[in-house]
Amino acid sequence: MSTLFDLPQHGSSRSERSEAAGRPGPDPEHLLTGLNPQQRDAVVHTGSPLLVVAGAGSGKTRVLTHRIAYLLANGAHPGQIMAITFTNKAAAEMKERVVELVGRRANAMWVSTFHSMCVRVLRRECKTLGLSSSFSIYDADDSRRLITMIARELELDSKRYPARTLAVQISNLKNELVDPETAAERAGNDMERKVAQVYEAYQRRLADSNALDFDDLIMRTVELLQHHPAVAEHYRRRFRHVLVDEYQDTNHAQYVLVRELVGTGPTDSGVEPAELCVVGDADQSIYAFRGATIRNIEEFERDYPQARTILLEQNYRSTQTILSAANAVIRRNPNRRDKRLWSDAGDGEAIVGYVADNEHDEAAFVAGEIDRLVDDGTATFNDIAVFYRTNNQSRVFEEVFIRLGLPYRVVGGVRFYERREVRDALAYLRVLDNPDDTVSLRRILNVPKRGIGDRAEAVVAAHADQERISFASALRQAAAGKVDALNTRARRAIAGFVDLLDELRSVAVESDVAEVLEQVLERTGYRAELDASDDPQDATRLENLTELVTVAREFTEARGGGAEPTGGEAEPSAEAVVAAATPAAEDAEEETLGLPADDSLSAFLERVSLVADADSLPESGDGVVTLMTLHTAKGLEFPVVFLTGWEDGVFPHMRALGEPAEQAEERRLAYVGITRARQQLYVSRALMRSAWGQPMTNPASRFLTEIPEELVQWRRVEPERAAPQVRSTWGGRRADRTGSDSAQAGLAAHGMRSTPAKGWKDAVAIKLAAGDRVTHDKYGLGTVLSTEGEGPRATATIDFGSAGTVKLMLIGSVPLTKL
DNA sequence: CGTGCATTAGTCGCC
DNA sequence: CTAATGCACG
């Protein structure tokens, strides 16, 4: 079996790179060999915007890298090229592959994520926007902390207006490029009004802290380009080729950013629009919940009327059997550009299906198969991945794997940069770098514990507010005894803290990042505290901090000597950072980030905050089975893939059952999952699964029934006994949930062998038609507006008057009576 | 005695 | 993960 990833591994490509470095540009035609006709078209196309619709496994990265190389070989200067990706890993990989093709001069290109690209622009143009160049970048966690503080100050009911919800809403507004003022004007209900109010305060506080959040990076760059034509023209003149990867994952702000960057017509002084090439696949758009809008790729031709579209349908990854299954499932999505993946690799093995009694049985089956595959030499552990819909489904697999001694790793969990100790340490660095960074300052105020409690913090915050000074200044005044509301004890504690920061700051001016970090850990007592603890978790924390110091050291070395970091024994996460943080991979061109060359602290923090955001997906493990969610699996491939938990309510997720748009997204997720497999695909479901401590009977996933029967070889089907128990297992406890939720519990599960629709009919309790009057246990009286679907899929949209209009599934347990 | 710290329990469930 | 409790220190 082949390797997991068909890209060169880090180590092996280095020699090729240096060889290529000396070579002049390659013969352009040479870059076209080995490409199929569509790929070739995409590489050579010129003169109008280009949309490359790249099906899963169709050689998308190859097209992008070859297109860039081809541009370079035909006279484009590397400095004229900007390529935008969604992850740092993708950016690094793309750059590396272009370097392999054309040599080192490719390093002068801007190949980066949307966010890194914006930071770069913003650092250079910060004065235009009234920012200081040492602005901090707040990630989602920092944002939420700040929003929590604001909500508390505004005395919002934390139950009605949870910080999390507020944060999401504000982020959505920013993704739509809506400013606080407009948000306030548009607010139509209580929630929206509160959101607008918090949003307004939040932006003010960000500015006070000299900070931008992740969404700001995009929004402010758009603002810059829109309001400062000279700046826009500068970039447009410079970047004549803009390429965007994973275009289906862009949100509205990113769409506008690209449009502003490229331009839609000549500027005043006659700079023509740049050449735009976007690559993506609407069928793999699975990030709507993050604000991505599939519209951008679907409407590309409308946005850019001159656009040419090229479809890549030949797949180089999977067997035809797998592709046929993927095609059959995704075909059910409405309003989609028809696209059929095909392969000349042959049919390969049939898909193996398995109906388990419960989730433990399912896990045991998966484990057994893995054991067998590895035993008979069909696959290695590395070749195998197990996917599930939500993270909590991993537990049962872990249990079985541990019991059987199968090596595995769960991808997902808490990432390196989200660990508390790492964030604490970084918060110290950030405060040293940007004293106004209030979120970081308040984070470390009493970490480790030094006797500055909530009350003292609140007093200082109030003082800052009253005197209209920064929190940092207020702290200083408190230390000097100028804040009356504080008692001596708190005052002394604060004075100690301020002194500590001053000491550290003097260390920071003369030492490199690693040393500063060391001193932080020493002088704050952070390390000592962990050392003293006998909690095994704290030992891990200590290791993580040591790892962070290593990252910092390698960063400094790489930056100083230009030497590649070795990263030999570092953890994958650390390696990923260093790889992305290596300035050697940065532009060697004249214009740099606008950072003082010696300001390694700022540079380090910036890199870390941008890398931390990436769904840093760790390189293939060492002889272990990979467990992850379907979302995480995107962009990866494995010879053997287990798709588990294919049950209505689990996958598609409960929440999506009544929502066509969400269901379409779930179906795309299924498509992504199926197309990760190269040779062997397994699909399984469990008849019974405990959820929230209660057993639930789940019917087969509708996606399962959409896979043509002839492609699947069922290893075990549902026992053909009498119609299974249909009684709801739900207590009244959850009767307050939506109707379709509780309806789930009653869905009867049937086997897959005979035509399922017939078997299901019995479970349908009620037949309704538009106009029928009904009564519902929770919603009361209602009128049926419309009905959809048949058998187990039957739903009705019912107007319950003041209780609202609700879509319900019409099965067994739904507490609905026809009048 | 007041203030702050640590430890519990109930809340939960979202990629 | 937050509120509510007991415990310790100035």
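Here is how names work: the chains are called A, B, and so on, in the same order as the sequence lines, proteins then strands, and each is numbered from 1.
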Chemist: Take atom CD1 of A:Ile452 and atom P of B:dT3, then tell me their distance rounded to the nearest Å.
Modeler: 17 Å

Chemist: Say whether A:Asp424 and A:Tyr526, considering side chains only, have a donor N or O and an acceptor N or O under 3.5 Å apart.
Modeler: yes

Chemist: Just the rounded figure in Å: distance from P of B:dC15 to CZ of A:Phe387.
Modeler: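 From A:Phe387 CZ to B:dC15 P: 16 Å.
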
Chemist: Using OP1 and OP2 only, check whether a side-chain N or O of A:Lys449 sits under 4.0 Å from B:dG4.
Modeler: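 Answer no for this pair, as no side-chain N or O of A:Lys449 is under 4.0 Å from OP1 or OP2.
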
Chemist: Give one of base, sugar-phosphate or nothing for A:Ala490, where a contact means two heavy atoms less than 4.0 Å apart.
Modeler: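 Touches nothing.
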
Chemist: Measure from CZ on A:Arg164 to P on C:dC1 and round the result to the nearest Å.
Modeler: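 So the CZ-P distance, A:Arg164 to C:dC1, works out to 10 Å.
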
Chemist: Using a strict 4.0 Å threshold on nitrogen-to-oxygen distance, state whether A:Arg443 and A:Asp142 make a salt bridge.
Modeler: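 Looking at A:Arg443 and A:Asp142, the cut-off is not met.
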
Chemist: Does A:Arg290 get its side chain close enough to the base of B:dC15, under 3.5 Å, for a donor-acceptor pair?
Modeler: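 Checked by distance alone, the answer is no.
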
Chemist: Considering only residues two or more places apart or on different chains, which pairs with a residue in residues 444-457 of chain A satisfy side-chain hydrogen bond (donor to acceptor under 3.5 Å, both in side chains)?
Modeler: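 Applying side-chain hydrogen bond (donor to acceptor under 3.5 Å, both in side chains) to every pair that reaches into residues 444-457 of chain A, excluding sequence neighbours, yields A:Tyr428-A:Arg450, A:Arg442-A:Glu457.
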
Chemist: Can you give each donor-acceptor pair under 3.5 Å made by side-chain atoms of residues 479-495 of chain A, sequence neighbours left out, with the distance rounded to 0.1 Å?
Modeler:
{"unit_1": "A:Asn487", "atom_1": "OD1", "unit_2": "A:Arg489", "atom_2": "N", "d": "3.3"}
{"unit_1": "A:Asn487", "atom_1": "OD1", "unit_2": "A:Ala490", "atom_2": "N", "d": "2.8"}

Chemist: Find which nucleotide of DNA chain B each of A:Ala456 and A:His631 is nearest to by heavy atoms, and output the residue with the more 5' nucleotide.
Modeler: A:Ala456

Chemist: Side chain of A:Arg389: nearest nucleotide among B:dC14, B:dC15, B:dT3?
Modeler: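 Nearest to the side chain of A:Arg389 among the choices is B:dC15.
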
Chemist: Give the table of side-chain donor-acceptor pairs shorter than 3.5 Å for residues 143-151 of chain A, with sequence neighbours excluded, one pair per line with atom names and distance.
Modeler:
{"unit_1": "A:Ser143", "atom_1": "OG", "unit_2": "A:Asp139", "atom_2": "O", "d": "3.2"}
{"unit_1": "A:Ser143", "atom_1": "OG", "unit_2": "A:Tyr202", "atom_2": "OH", "d": "3.0"}
{"unit_1": "A:Thr148", "atom_1": "OG1", "unit_2": "A:Arg144", "atom_2": "O", "d": "2.6"}

Chemist: Quick one: which residue pairs count as a salt bridge (charged side-chain N to carboxylate O under 4.0 Å, His left out) with a foot in residues 666-677 of chain A, not counting sequence neighbours?
Modeler: A:Arg389-A:Glu666, A:Glu665-A:Arg668, A:Arg667-A:Glu706

Chemist: So if I define the base as every atom that isn't primed, P, OP1 or OP2, how would nucleotides 4-10 of chain C read as a B/S/- string at a heavy-atom cutoff under 4.0 Å?
Modeler: ------S

Chemist: Take atom CZ of A:Arg420 and atom C1' of C:dC1, then tell me their distance rounded to the nearest Å.
Modeler: 13 Å

Chemist: For A:Asn544, which residues count as a side-chain hydrogen bond (donor to acceptor under 3.5 Å, both in side chains) partner, sequence neighbours excluded?
Modeler: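 Here the qualifying residues are A:Glu421.
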
Chemist: Please state how far atom CZ in A:Phe651 lies from atom C1' in B:dC15, giving the value in whole angstrom units.
Modeler: 11 Å

Chemist: Rounded off to whole Å, could you give me the CZ-to-P distance for the A:Arg144 and B:dC14 pair?
Modeler: 15 Å

Chemist: What is the distance, to the nearest angstrom, from the CG atom on A:Asn392 to the C1' atom on B:dC14?
Modeler: 9 Å

Chemist: How close or far is atom C1' of B:dC14 from atom OH of A:Tyr388, stated in whole angstroms?
Modeler: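 Rounded to whole Å, this separation is 14 Å.
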
Chemist: Want to settle it: does A:Phe289 or A:Arg455 sit nearer the 5' end of DNA chain B, counting the closest nucleotide to each?
Modeler: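 Taking each residue's closest nucleotide, the earlier one in sequence belongs to A:Arg455.
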
